[in-house]
Amino acid sequence: MRTLRPTLAALPVAICLAVVGYIHAQLYVRGYHAIPYIGTSFQWDAAASFAVAVLLLVRNATVLRIVAIGLCFSGLGGFVGSRTVGLFGFTERGWQPAPQALLSVLAWVVALVLLLVPFGKQLAERQLLRSLVAEGNE
């Protein structure tokens with residue numbers, strides 16, 4: 001049973017990454033492949049999202065969680081960039097394409113919360129432990 005716990009903990013994050021991977025693969029096939037630079041980035045994001053999702057289920061390692069955080073932040077950055085300053089001359093407006101834009105953002109945000117909250121808890125525990133050790137040494 002001990003080996004299932006990390007896999008179960010990683011399952012929601014893996015689902016979020018797989019959703020984003022599927023959406024980006026779908027958009028790539030349905031027309032984004034023709035957009036210079038953007039099409040390729042959607043293809044790479046889909047592949048990376050699927051790969052990290054599967055690897056998280058195999059081994060929920062810290063390095064994979066950090067890579068997943070990077071994927072989420074880069075995806076959100078690309079989303080914001082494409083709607084503000086543009087990326088390689090490509091711009092989009094609002095929540096288009098619908099519903100893919102909204103679903104991608106929700107999946108990224110949920111994944112980030114699931115990934116960052118445990119890191120925050122670990123950091124708080126370390127700080128508490130350090131302060132207790134420092135008090136014990138006085």
Side-chain angles (χ1 to χ4, degrees):
M1 235 3 171
R2 189 177 160 142
T3 58
L4 290 179
R5 179 169 256 157
T7 301
L8 291 176
L11 184 61
V13 174
I15 290 170
C16 289
L17 291 176
V19 164
V20 170
Y22 175 80
I23 289 169
H24 280 96
Q26 177 193 49
L27 289 172
Y28 175 81
V29 169
R30 291 190 177 176
Y32 277 47
H33 65 274
I35 304 168
Y37 303 108
I38 300 302
T40 304
S41 69
F42 268 65
Q43 185 180 30
W44 279 107
D45 184 74
S49 295
F50 282 128
V52 173
V54 170
L55 290 171
L56 277 170
L57 294 177
V58 172
R59 184 158 189 244
N60 190 9
T62 301
V63 69
L64 291 172
R65 292 193 305 269
I66 291 169
V67 170
I69 290 168
L71 277 171
C72 292
F73 276 126
S74 68
L76 285 169
F79 181 86
V80 170
S82 71
R83 280 147 179 81
T84 54
V85 296
L87 297 172
F88 304 106
F90 175 75
T91 57
E92 293 181 298
R93 300 283 177 241
W95 294 101
Q96 296 301 320
Q100 293 93 335
L102 177 62
L103 293 174
S104 293
V105 169
L106 287 175
W108 283 319
V109 169
V110 168
L112 280 171
V113 168
L114 292 170
L115 289 161
L116 292 175
V117 166
F119 279 133
K121 286 182 180 178
Q122 285 177 343
L123 183 62
E125 289 171 358
R126 286 182 187 167
Q127 290 295 97
L128 178 63
L129 185 60
R130 284 183 188 149
S131 65
L132 291 173
V133 168
E135 287 176 12
N137 289 336
E138 291 177 3

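Here the structure is a predicted model, which is why all the values come from computation and not from measurement.
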For [X] and [Y], which heavy atoms make the closest approach, and how far apart are they?
| X | Y | result |
| --- | --- | --- |
| Cys72 | Ala111 | SG-CB, 3.7 Å |
| Ile38 | Leu87 | CD1-O, 3.7 Å |
| Leu114 | Pro12 | CD1-CB, 3.5 Å |
| Ser104 | Val20 | O-CG2, 3.9 Å |
| Arg65 | Asn60 | NH1-O, 2.7 Å |
| Ala34 | Pro36 | O-CD, 3.4 Å |

Check whether any side-chain heavy atom of [X] sits under 4.5 Å from a side-chain heavy atom of [Y], and report yes or no.
| X | Y | answer |
| --- | --- | --- |
| Ser49 | Val19 | no |
| His24 | Ser41 | no |
| Leu76 | Val80 | no |

For the [atom1] atom of [X] and the [atom2] atom of [Y], what is their distance to the nearest 0.5 Å?
| X | Y | atom1 | atom2 | value |
| --- | --- | --- | --- | --- |
| Leu56 | Leu17 | CG | CG | 6.5 Å |
| Gln100 | Leu103 | CD | CG | 7.5 Å |
| Tyr32 | Gln26 | OH | CD | 10.5 Å |

Give a yes or no on whether the backbone of Tyr28 and the side-chain of His33 come within a donor-acceptor separation of less than 3.5 Å.
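Checked: pair present.
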With a 3.5 Å distance limit and no angle check, can you tell me whether Arg83 reaches the backbone of Glu92 through a side-chain donor-acceptor pair?
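The answer is no, because no donor-acceptor pair under 3.5 Å joins these two groups.
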Shared ILVMFWY cluster between [X] and [Y], side chains joined below 4.5 angstrom?
| X | Y | result |
| --- | --- | --- |
| Ile69 | Val109 | yes |
| Leu115 | Leu106 | yes |
| Leu27 | Phe88 | yes |
| Val58 | Phe50 | no |
| Phe73 | Leu71 | yes |

Would you call the rings of Trp108 and Phe79 parallel, tilted or perpendicular, taking 30° and 60° as the class edges?
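Aromatic pair Trp108/Phe79 classed perpendicular.
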Got a sec: does the CH2 of Trp95 have more than 12 other heavy atoms crowding it under 6.0 Å?
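Counting neighbours around CH2 of Trp95, more than 12 heavy atoms of other residues, nucleotides or ligands fall under 6.0 Å, so yes.
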Counting only heavy atoms not in Tyr22 (residues, nucleotides, ligands), do more than 12 fall under 6.0 Å from its OH?
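No - once you tally the heavy atoms of other residues, nucleotides and ligands closer than 6.0 Å, there are 12 at most.
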